[in-house]
Structure formats: C-alpha cells, structure tokens
Number of protein chains: 2
Amino acid sequence: MADGISERVRPRDRILETAQDMFHKHGIKGVGVDAITEAAGTNKMTLYRHFESKDDLIIECLRATACKAAAIWDAFEAEYPGDKLAQLHAWVRKVSEMLANDSRGCDMANAAVELSETDHPARRVIKELKEAQRERLVNLCREAGVGQAELLADTLSLLLEGARVSLQSVGAEGPSAQFVRMAEGLIASFKAR
Amino acid sequence: MADGISERVRPRDRILETAQDMFHKHGIKGVGVDAITEAAGTNKMTLYRHFESKDDLIIECLRATACKAAAIWDAFEAEYPGDKLAQLHAWVRKVSEMLANDSRGCDMANAAVELSETDHPARRVIKELKEAQRERLVNLCREAGVGQAELLADTLSLLLEGARVSLQSVGAEGPSAQFVRMAEGLIASFKAR
DNA sequence: TCGTGACGTTACAGAGCGGTAACACCCTAG
DNA sequence: CTAGGGTGTTACCGCTCTGTAACGTCACGA
C-alpha cells in the first residue's frame, strides 16, 4: 500500500505530523501514543527517543501548528504586498474557508480546554503563541489604517474564536455561518471613523 | 468535618452536583467516576445505580447546567419585567461577571471539544441546548426592538463564546477584557438603524 | 416484627494508558 | 569491511480507567 507519509521522511517528522493530525481530530486526551506511532508507521520506542514525554510531543505539535499559521500570514503579505487592508480582507476570507472545511476548531484553544491543570507546561506555550497571533492581527489592523486597531483586532479575535467553538457545538448552520458578514461589517464600521 | 453537601441530600443529587463541578473544573476526560463519587461522599456502585454509564452522567450534568442557565435568564425577566432592552444590558453585565469570576468557559462548548466522536450521545444534547439558548437570545434582541435581531444575537453569541475560550488560552488580559465595550457598542450600533 | 429497598464496602475484571528495558537489525560513514 | 547510530520488535511495569459481582448494613413502613 502507498503509505505516503512514511516513504522518505524521518520518523521524528512523521510522528510530529501524525500527532498533529490526530490531536486535532480526536483531541489530546482522546489519542494515545500507541495509536500515534502506529499511524505514523513506527513504534513507541522511537517516539520516546525523539520526545521526552507525551507532554513534550504536545508542545512540539502546538509549535508546529503555530508555525503553519504563521506561513499563512506570510502568504497574505506575499499576495498583497504593502496593501494591509487587502490583507485584512484576505484574512477574513481565509478564516471563512477554514470554518467551511474544518469543524474541529483551533488546536491551541482546544488544548487549553483539555489541559485544565493551570500549571501544565503546554499552557505557557499556548499563551505565548496566542499572544503573538494577537499582536500580528493588531498590527495588521493598525497598518490598514483603522482607528482603535486594538479594539477591532480583539473583536475579530473573539469572533473567530467563537465561530470555531460554535462550529463544534451547534454546527455549520449556527451563528458561525454569519462570520464574514460580521467581520466585514466591523471592518467597514471601524474604517469609517 | 462539616461535609455540607452530604447532610440531607440524596446521593443522586450529590453525585450530579459534584460531577458538574468537577467536570467544569477539570474537564470530562480529566476526572474519573471514582473521584466523583469520593468527592460526593458516596461510592461507585451507587453512582451506577442512578446512572447507566459515565456518558449518561455527562448528559445529565449538561442538562442540569443548562437548567441553571435558564434560571439566570428568568431572573432578567423578573428584574426588568417587560423591558427587553434593559434585560439585554443585564445579560451583558452578567456575562462580564462570569468572565471575571470563572475562567473555565462554557461546559457545553468544552464538552464538544473533549467529546470529539461525532456520534457521541452528548453531542445531540449539546446542540439542542445551544440552539435553545440561541433562540432565547434572538427573541430578546428582537423584542428589544433592534433591526436584524438574528445578526445581533449571533454576533453577541460568538463574542461570548470567543471570550470564554480566549479566557482559557490567553487569560484575563487578553481580548476578552474588552467584551463589555464590544457588546455595548454593537447593541448601540444595531439599535441606531 | 419482618422484609424490602436504598445504600455502602470490598474485590475484581478487562482494557488502556504512559513509559522503559533488552535485544536484533540495517544502513551508512569511515 | 567494520563499527556505530538510528530504528524496529517484543515484552513488560505500574497505574488508572469504566463497569460489575457479591455481600453487608441500615432505616423505614406495613
């Protein structure tokens, strides 16, 4: 059978990729290391040679997904170089795509829900990465020339976060269906001041 | 020691109350039935005499929390009888209180994150209860005399949902801190049309 | 008084979990 | 050719989990 993922990729990378996917689909506590290694076409020993513990693997997965998200942001700048307002609209479109194609929400937010222990090592990472994303959105809003850029960015943040969690609890016909209308309306309204 | 909860309450109610609290604090997969029964001052056999399974207990807990939420809504009507706009503002205040006093978010949304299996029996219940709450907010907005009541209600829904999940991932200094400003601004803006 | 039903206690089954030890293998660099 | 490091395999440890069986115990109502 064509395994695809196991052809010429290092076990560590296969594990990381597979774990990201499975954590995303089934939740962190919903998948064990055995299942991950088996799906990655390797075994538990190899996992523990590359990662100190499951918690360590979780953290590396979160960093990897944040890295992918950053790449998407870079694509906005590449597509509309200098035009920050166009990038902001591209962000809205991208979000609505994500909402349409995936109903498991944000890995970091989900991890924060699942890892309820306040001193869990992953929580630091989640906070750091989320703060970085917030800052990026604030900058985009500011450079797009809207007044109260922080307030607009935070509002869009909450709408996004809410849409992704609402999608999981009530489905695609719920409030999240109106995300684009809400976001575009807000941007226009902030822009008008 | 003064146990409080075990004085004259039926074991079933003690279990239900304790389970709600522990599920909320530690997550559904983060707490076992043994821990629940012990905290409720009873034992596992008694739990399984009153609930078919852990899944059944989860569902009953969700129903119970939805019931408590409904009571809060009723309190708005009792406090401002007939004045729907005042009730809407009371709702905003209540939400901001919740955000300030509790950082574990919405039990139903959290459950939807944790119970990723699409055919999990709790998911039906979550969807039903969330849809009921949505309808209630839509009605409140409509009767408060705003145009596009559905859109306002859905926007407020997403802001609330987003604030509660953002609180868990980035903390109280994150975007959720601006919830009241956002909500009041939206209500005013919708009201002005 | 008796018995009935709710509750508590102990023990256990069966499975899954994270994590480790020991050893065999194979590819590649020197 | 050979040595060594990365990898695969098997077996295991100790723990926790949901769920059940068997047996006491106690209160209360007929």
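Everything numeric here is computed off the predicted structure, so don't read it as measured data. In what follows, chains carry the letters A, B, and so on, assigned in the order in which the sequence lines appear, proteins first and then strands, with residues in each chain numbered from 1.
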His50(A) vs dT7(D): side-chain N/O to OP1/OP2 distance below 4.0 Å: yes
Residues which pass salt bridge (charged side-chain N to carboxylate O under 4.0 Å, His left out) with Glu77(B), listed by chain and number, not counting sequence neighbours: Lys84(B)
Stepwise side chain to side chain contact (heavy atoms under 4.5 Å, CB included) check, Cys61(A) with Gln20(A): CA-CA 5 Å; Cys61(A) 282; Gln20(A) 275 182 259; 3.9 Å; yes
Salt-bridge criterion met for Glu150(B) and Arg142(B) (N-O under 4.0 Å): yes
Within residues 116-124 of chain A, residues whose heavy atoms come under 4.0 Å of DNA chain C: none
Value in whole Å for how far the P atom of dG8(C) lies from CD of Glu38(B): 13 Å
Distance-only criterion, 3.5 Å: show the donor-acceptor pairs between side-chain atoms of residues 98-107 of chain B and protein atoms not counting sequence neighbours.
residue, atom, partner, partner atom, Å
Asn101(B), ND2, Glu97(B), O, 3.2
Asp102(B), OD1, His24(B), NE2, 2.8
Asp102(B), OD2, His24(B), NE2, 3.1
Asp102(B), OD2, Arg104(B), N, 3.2
Arg104(B), NE, His24(B), O, 2.8
Arg104(B), NE, Lys25(B), O, 3.4
Arg104(B), NH1, Val113(A), O, 2.9
Asp107(B), OD1, His24(B), ND1, 2.5

Gap between atoms CZ and P, on Arg12(A) and dT7(D) respectively (whole Å): 11 Å
Distance test, side-chain N/O of Thr46(B) to OP1/OP2 of dC7(C), below 4.0 Å: no
Base-contact (B) and sugar-phosphate-only (S) positions in nucleotides 10-24 of chain D, heavy-atom cut-off under 4.0 Å, - elsewhere: --------BBBBB--
Donor-acceptor pair, side chain of Gln87(A) and main chain of Tyr80(A), under 3.5 angstrom: yes
Arg10(B) and Glu17(B) ion-paired at < 4.0 Å: no
Under 3.5 Å, which donor-acceptor pairs do the side chains of residues 179-193 of chain A form with other protein atoms, sequence neighbours left out?
residue, atom, partner, partner atom, Å
Arg181(A), NH1, Gln178(A), OE1, 3.2
Arg181(A), NH2, Gln148(B), OE1, 3.1
Glu184(A), OE1, His89(A), NE2, 3.1
Lys191(A), NZ, Ala144(A), O, 2.7

Spacing of Asp13(B) atom CG relative to dC7(C) atom C1', expressed in whole Å: 15 Å
Nearest-Å distance for atom pair NZ/C1', residues Lys29(A) and dG18(C): 13 Å
For atom CD1 of Ile36(A) and atom P of dG16(C), their distance in whole Å: 16 Å
Any residue meeting side chain to side chain donor-acceptor pair (under 3.5 Å) with Asp56(B), in chain and number order, not counting sequence neighbours: none
